[in-house]
Protein chains: 2
Amino acid sequence: MSPDAEPPPRRLSRAEAKARTRERLLDAAAQVFARRGFGGASVDEIAETAGYSTGALYSNFGGKDELFLELLASRTGLRQDAAAAVVGSRDKTVEQVQAELNRILVEAADGDSDIALLQAELWLYAIRRPELLEQLASRFRGNRDVLSGLLAERAQARGQAEDLPFDDLATVVLALFQGLVQLRRTDPELVRPELYGTALSWMFRGINEASSRPDEG
Amino acid sequence: MSPDAEPPPRRLSRAEAKARTRERLLDAAAQVFARRGFGGASVDEIAETAGYSTGALYSNFGGKDELFLELLASRTGLRQDAAAAVVGSRDKTVEQVQAELNRILVEAADGDSDIALLQAELWLYAIRRPELLEQLASRFRGNRDVLSGLLAERAQARGQAEDLPFDDLATVVLALFQGLVQLRRTDPELVRPELYGTALSWMFRGINEASSRPDEG
DNA sequence: GTCTATAAGACGATAGAC
DNA sequence: GTCTATCGTCTTATAGAC
């Protein structure tokens with residue numbers, strides 16, 4: 001072994017340490033923003049929650065706004081892998097897909113991660129800043145497109161009508177999710193755990209009927 | 001005319017003047033809270049928007065929280081009269097009802113009153129205060145019950161199945177409204193003006209099919 | 001890179017004049 | 001009842017030690 005052959009460092013490199021700090025600060029920020037709201041959260045509490053001081057926070061982020069911006073960029077997306085696993089899988093029965101969708105909704109509403117609150121905060125934040133609105137809109141359109149594609153694939157694989165308005169369907173699937181999560185977060189009694197899957201099955205049955213027998217009912 | 005017979009006062013009585021001030025302050029508060037968010041709004045700006053000073057505001061309300069509480073109490077309800085006019089009227093065709101629902105959704109999303117933002121703020125505010133959560137939940141349940149009753153009446157009047165899960169249907173109708181408003185507020189292109197009525201017609205067709213032919217599809 | 005200490009300002013709320 | 005003036009607190013952001 002030559003003297004200058006270095007073993008892989010056991011301690012984190014400077015870049016790794018900084019990246020870890022950033023990650024911890026972002027996690028803490030998500031927590032505190034969800035708990036207090038954007039206006040009610042203080043950078044002090046965020047830094048303290050992450051285990052750092054405000055100075056460390058300001059050396060990693062431009063400030064409160066930039067911190068929230070990073071969250072907006074990293075936590076408003078559809079988990080494409082998860083969506084594909086749930087909706088895109090061809091060998092899942094309708095009942096299986098329904099059950100998984102219900103589980104996801106209940107987790108989002110009941111889970112203690114308060115993801116629903118953070119999403120609402122991010123939405124309000126972006127809506128009020130014209131320069132961010134298009135970014136959020138683009139992200140939502142992306143979510144819709146991914147889901148729309150998955151629905152089209154699934155319909156094709158199952159030999160169903162291929163000329164359905166998949167974009168509209170995907171939009172409704174996403175909107176209903178958001179609405180039901182907020183209602184269930186307010187009062188679990190309002191939204192039975194099975195309601196999301198049930199409502200979607202009504203809708204898909206209805207649209208299939210509408211496309212095959214447009215003049216009935 | 002006896003000397004002490006007073007004509008009806010042309011100027012407002014003290015009670016009336018105070019009530020008018022309260023109303024103006026509440027309207028201004030709704031505006032500013034919607035524009036800035038609860039945390040971002042200052043009582044100074046609210047008072048100034050209403051045309052008063054902060055002293056006047058504090059003589060009419062306990063403070064910022066109490067002001068928001070009054071909004072929560074007065075602006076989270078379903079307009080029952082409007083709901084009855086739209087859904088409850090027996091002589092409206094399905095197409096007419098759809099068109100009116102679409103109009104309401106587009107107004108809520110596109111209107112410059114920013115009612116959607118205020119609703120989101122009120123929801124977040126109540127969710128974070130355990131003592132208010134039950135109040136909001138009760139209000140939502142009331143909305144659902146009213147709508148559920150109207151749907152049941154309408155189904156009966158039209159000779160449709162009377163054993164449908166009207167509570168579930170009403171919940172979905174409300175949730176979908178909320179979700180679509182937020183999506184359309186983000187990007188009007190995501191939600192066509194006709195989508196709400198269309199999606200509901202899919203769903204009602206589907207549930208009628210499901211209740212009359214449970215084992216098909 | 002992170003910490004401590006602090007500057008500069010905004011905020012909610014109150015007191016007293018009118 | 002409303003206004004003006006002000007108090008004390010909490011906030012974001014920065015500067016300099018380590």
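In the text below, chain A, chain B and the rest are named by the order of the sequence lines, each starting its count at 1.
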Quiz item: For Phe61(A) and dT12(D), what is the distance between atoms CZ and C1' respectively, to the nearest whole Å?
Solution: 16 Å
Practice problem: Taking all heavy atoms of Ala108(B) and all of Ile115(B), pick out the closest pair and write down the distance. | Solution: O-CG2, 3.8 Å
Quiz prompt | Carboxylate-amine/guanidinium contact Arg139(A) Asp187(B), below 4.0 Å | solution = no
Quiz item: Which part of the nucleic acid, if any, lies within reach of Ala41(A) when heavy atoms closer than 4.0 Å are counted: base, sugar-phosphate only, or nothing?
Solution: sugar-phosphate
Quiz prompt | d(CZ, Arg22(B); P, dT2(D)) in whole Å | solution = 11 Å
Exercise. Can you figure out which of dT2(C), dT2(D), dA13(C) approaches the side chain of Asn60(A) most closely?
Key: dT2(C)
Practice problem: Using a 4.0 Å heavy-atom cut-off across all strands, classify Ser42(A) as base, sugar-phosphate, or nothing. | Solution: sugar-phosphate
Quiz prompt | Heavy-atom side-chain contact between Phe33(A) and Asp114(A) under 4.5 Å | solution = no
Self-check item: Atom-pair distance (CZ on Arg36(B); P on dC11(C)), nearest Å
Solution: 10 Å
Practice problem: Remember a base hit wins even if backbone is also touched, and classify Gly55(B) as base, sugar-phosphate or nothing at under 4.0 Å, heavy atoms. | Solution: base
Self-check item: Nearest-Å distance for atom pair CD/P, residues Glu48(A) and dT4(C)
Solution: 11 Å
Exercise. Quickly work out the Lys64(A) NZ to dT11(D) P distance and round it to whole Å.
Key: 9 Å
Self-check item: Audit row: Arg103(A), Glu107(A), salt bridge (Lys or Arg N to Asp or Glu O under 4.0 Å) steps and yes/no
Solution: CA-CA 6 Å; Arg103(A) 185 180 49 77; Glu107(A) 266 184 27; 3.4 Å; yes
Quiz item: Which part of the nucleic acid does Ser53(B) contact within heavy-atom distance under 4.0 Å: base, sugar-phosphate only, or nothing?
Solution: base
Quiz item: Nearest of dT14(C), dT2(D), dT12(D) to any side-chain atom of Tyr58(B)?
Solution: dT14(C)
Quiz item: How long is the line joining CD1 of Ile46(A) and P of dA13(D), in whole Å?
Solution: 11 Å
Self-check item: Minimum-distance nucleotide to Tyr52(A) side chain [options: dC3(D), dT14(D), dC3(C)]
Solution: dC3(C)
Quiz item: Once you round it to whole Å, what is the distance between C1' of dG1(C) and NZ of Lys18(A)?
Solution: 7 Å
Exercise. Please tell me which of the listed nucleotides, dT12(D), dT2(D), dT14(C), lies nearest to the side chain of Thr54(B)?
Key: dT14(C)
Quiz item: For Gln80(B), does the CD atom have more than 12 heavy-atom neighbours from other residues, nucleotides or ligands under 6.0 Å away?
Solution: no
Quiz item: Starting at CG of Leu57(A) and ending at C1' of dT2(C), how long is that distance when rounded to a whole Å?
Solution: 12 Å
